[in-house]
Amino acid sequence: MTRRAEVAITYNGQDVSGSIAASLLDLSYTDNPSGQIDDLQISLQDRERKWQGPWNPVDGDTITASIRTIDWNGRNGIESLPLGTFEVDSVSLSGPPDVVQIKALALPSGTAVRREARSKGWEKVRLKAVAAEIAQRSKLKLMYEAEDNPLYDRLDQSNQSDLAFLVDLCIKEGIAVKAAAGNLVLFDESAYERREAVATLTREGGTVVSYGFEWSTSVAEYRACQLTYSDAAKGKEYKVLYTPPGAPVSGPILKVSENVGSEAEGLRIARNRLRDENKNFGRASLALVGNIRMAAGLTINLSGWGRYDGKYIIERATHSVGGSGYTTGIEIRRVLGW
C-alpha cells in the first residue's frame, strides 16, 4: 500500500473532512515557541465561491484538526497527530483563481490575555499566583510545571497585555510560557532540555530534505554573567558572578544590572539572563519528510554535520499537508546542558 497523509477537520462541531477534501490546497499547523500562540492556516480553492457565500467563515468559528499518516516511513498502520482546537481569527480572499485563506488561533479570538492592555500592581506575590490570576481572568487552566516559584516584593504591569507581561516576567526566570488548548502552561526550559531525545536525525538518513545552520561572530557565547545591584539602605553596590558547570576558563562575560533583593536572587537572575543570551548561539532549521513526533519543547540529536552535531531542542514545528505531500519544518537550538 502506498503511504499517504490525510487531514481530518471538524468545523463548528461537524466533520467536514470529506466535503472539504476536493477544495483543500494546503493545511499548515505551527507549534510556536514560548510567548507565541499556536496557529492553523487552511488554503482552499473556491471556484464555486462557497467560502465567499454560504460557507463564509466568521470570527469565533471553531476548527478541530488532525493529521493522519497511513503506512508512513515504513511503519504499517495509521498514526495520528491531533493539532487541537482553534478559533477563526482572520479570512482572506485572493485570485484569480479564487483562493480563501483561513487563519485560526489556539486561543479564543476574544481572549483578553493577548489583546487587552492593563495596568496592575502586586506586592509580596509569587510567580505562580500571578500566573493563576491571569489564567483565571482569561478562562484558561493553569499548568505550572516549573520547580522554582520566586517571590517578588513588588511587581508592576504597566499598559501591557497579560500575556506580554507574563512572558517578560518569565524570561527573567528562565521559564517558558505556552497558551494553547485552553491551558496556560509555564515550564522550565532547562528541565525540558534534559529530557531524552525523541529521535536522532542523520544527514544520510533520507528524512532530512534540507538544512541550515547558523554561526556568527556577532553572536557571542558567554562563559559567565556578572550582575550588579545596589543596596539603597546601605548605599553600596554589589556584584555577583554566575558561572555554569563546564564553562570555559576564558571568554566574554555578560554584564547586566538588575534590581534584586539578595545575593541568592542575583545569582538566580544572572543564571537566567546568561541562559537567555546563550540560547542565540547554535541555531538551525531543518525541512523534513513529515514526522508527527516533532513538537516544540522536545529534544532531538543530530548526527553527520560535524561541528553542528549534538543535542537540540525544538523551538518551533510546522506541519503542512498539501501539494508537496506531508512535510515538517523545525527550528531548533542547541541545548545548553545546565
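Just so you know, these numbers use all the heavy atoms, side chains as well, and skip hydrogens, waters and symmetry mates. Every value quoted in this text rests on a predicted model; they were computed, and no experiment measured them.
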### Message
For a 4.5 angstrom cut-off between non-hydrogen side-chain atoms, does K124 reach D153?
### Response
yes
### Message
Please enumerate all residues that pass ring-ring contact (aromatic ring centres under 6.0 Å, His included) together with Y11, with sequence neighbours excluded.
### Response
none
#### Entry: Check: R334 side chain, G282 main-chain N or O, donor-acceptor pair, under 3.5 Å
no
#### Entry: Separation between CD1 of I292 and NE2 of H319, rounded to the nearest 0.5 Å
8.5 Å
### Message
Please give me the minimum heavy-atom distance between F86 and A104, naming the atom from each residue.
### Response
CB-CB, 3.5 Å
### Query
Any chance the side chains of Q101 and S43 put a donor and an acceptor closer than 3.5 Å?
yes
### Flag side-chain contact, heavy atom, 4.5 Å: I314 against D31
no
### Message
How about CG on D168, more than 12 heavy atoms from neighbouring residues, nucleotides or ligands closer than 6.0 Å, or not?
### Response
yes
### Query
Can you tell if the side chain of I313 reaches within under 4.5 Å of the side chain of I332, non-hydrogen atoms only?
no
### Message
Tell me if the centroids of the rings in W305 and Y312 come within less than 6.0 Å of each other.
### Response
no
### Message
Looking at E133 and R137, is any side-chain nitrogen of the basic one under 4.0 Å from a carboxylate oxygen of the acidic one?
### Response
yes
### Task
Examine distances only and state if a side-chain atom of D309 and a backbone atom of G304 form a donor-acceptor pair shorter than 3.5 Å.
yes
### Query
Can you name the closest pair of heavy atoms from S138 and D162 and give their distance?
OG-OD2, 4.4 Å
### Query
Hey, what else clusters with Y242 if you join Ile, Leu, Val, Met, Phe, Trp, Tyr whenever side-chain heavy atoms sit under 4.5 Å?
Y222, L227, Y229, Y238, V240, L254, V256, V260, L267, I269, L274, L336, W338
### Task
Answer yes or no: is there a donor N or O on one side and an acceptor on the other, between the side chain of N291 and the main chain of R293, under 3.5 Å?
yes
### Task
Indicate yes or no: does R194 engage D188 in a salt bridge with an N to O separation below 4.0 Å.
no
#### Entry: side chain to side chain contact (heavy atoms under 4.5 Å, CB included) between D59 and V88, worked out
CA-CA 5 Å; D59 183 29; V88 172; 5.6 Å; no
### Any side-chain heavy-atom pair of T64 and T62 under 4.5 Å
no
### Message
Please check: side-chain N/O of N32 versus main-chain N/O of I37, any donor-acceptor pairing under 3.5 Å?
### Response
yes
### Query
Where do A247 and T243 come nearest, in terms of heavy atoms and distance?
CB-CG2, 3.7 Å
Please table the atom pairs, donor to acceptor, closer than 3.5 Å between any side-chain atom in residues 48-55 and protein atoms at least two apart or in another chain.
residue: E48; atom: OE1; partner: K50; partner atom: NZ; Å: 3.3
residue: Q52; atom: NE2; partner: D46; partner atom: OD2; Å: 3.0
residue: Q52; atom: NE2; partner: D98; partner atom: OD2; Å: 2.9

### Query
Side-chain contact, heavy-atom cut-off 4.5 Å: L163 with S161?
yes
### Transitive ILVMFWY side-chain link I63 to V321, under 4.5 Å
yes
### Summary
CD1 of I67 to CD1 of I9, rounded to nearest 0.5 Å, is 10.0 Å
Donor-acceptor pairs under 3.5 angstrom involving side-chain atoms of residues 196-208: please list them, not counting sequence neighbours.
residue: T202; atom: OG1; partner: G205; partner atom: N; Å: 3.1
residue: R203; atom: NE; partner: Y211; partner atom: OH; Å: 3.4
residue: R203; atom: NH2; partner: Y211; partner atom: OH; Å: 2.8

### V130 side chain reached by Q157 side chain, heavy atoms, under 4.5 Å
no
### Task
Spell out, yes or no, whether L184 and F187 are grouped together once hydrophobic residues are joined by side-chain heavy atoms under 4.5 Å, including indirect joins.
no
### Query
Is it true that E315 and K279 have a side-chain N and a carboxylate O under 4.0 angstrom from each other?
no
### Task
Examine distances only and state if a side-chain atom of R316 and a backbone atom of E331 form a donor-acceptor pair shorter than 3.5 Å.
no
#### Entry: Partner residues of Y152 under the ring-ring contact (aromatic ring centres under 6.0 Å, His included) criterion, sequence neighbours left out
none
### Query
So, are E193 and K311 salt-bridged, with charged N and O less than 4.0 Å apart?
no
### Query
Does any non-hydrogen side-chain atom of V177 lie less than 4.5 Å from one of L186?
yes
#### Entry: Hydrophobic cluster membership, L40 vs V99, 4.5 Å side-chain cutoff
no
### Task
Could you note down all residue pairs passing salt bridge (Lys or Arg N to Asp or Glu O under 4.0 Å) where residues 13-24 supplies at least one of them, sequence neighbours left out?
none
### Message
I want to check something: taking the side chain as every heavy atom from C-beta on, are I102 and D61 in contact at a cut-off of under 4.5 Å?
### Response
no
### Task
Following the transitive rule for hydrophobic clusters with a side-chain heavy-atom cut-off under 4.5 Å over Ile, Leu, Val, Met, Phe, Trp and Tyr, establish whether M294 and F213 coincide in one cluster.
yes
### Query
Hey, are R283 and E214 close enough for a salt bridge, meaning a charged N less than 4.0 Å from a carboxylate O?
no
#### Entry: Inter-residue atom distance I175.CD1 - K128.NZ, 0.5 Å rounding
11.5 Å
### Query
Take atom NZ in K139; do more than 12 heavy atoms of anything else shown fall under 6.0 Å from it?
no
### Query
Which atoms form the tightest heavy-atom contact between Q45 and R47, and what is the distance?
OE1-N, 3.1 Å
### Summary
Correct closest heavy-atom pair for R68 and S80 would be CG-OG, 4.1 Å
### Message
Is there a path of hydrophobic side-chain contacts, each under 4.5 Å between heavy atoms, that joins L127 and Y192?
### Response
no
### Query
What orientation do Y326 and W72 show, parallel under 30°, tilted 30 to 60°, or perpendicular over 60°?
tilted
### Message
If we count only N and O atoms by modelled type, under 3.5 Å, do the side chains of Q41 and D26 hold a donor and an acceptor together?
### Response
no
### Query
Is the backbone of R195 close enough, under 3.5 Å, to the side chain of T299 for a donor and an acceptor to pair up by distance?
yes
### Query
If you count the non-hydrogen atoms of other residues, nucleotides and ligands that lie under 6.0 Å from CD in E147, is the total more than 12?
no
### Task
Taking all heavy atoms of G35 and all of V167, pick out the closest pair and write down the distance.
CA-CG2, 3.5 Å
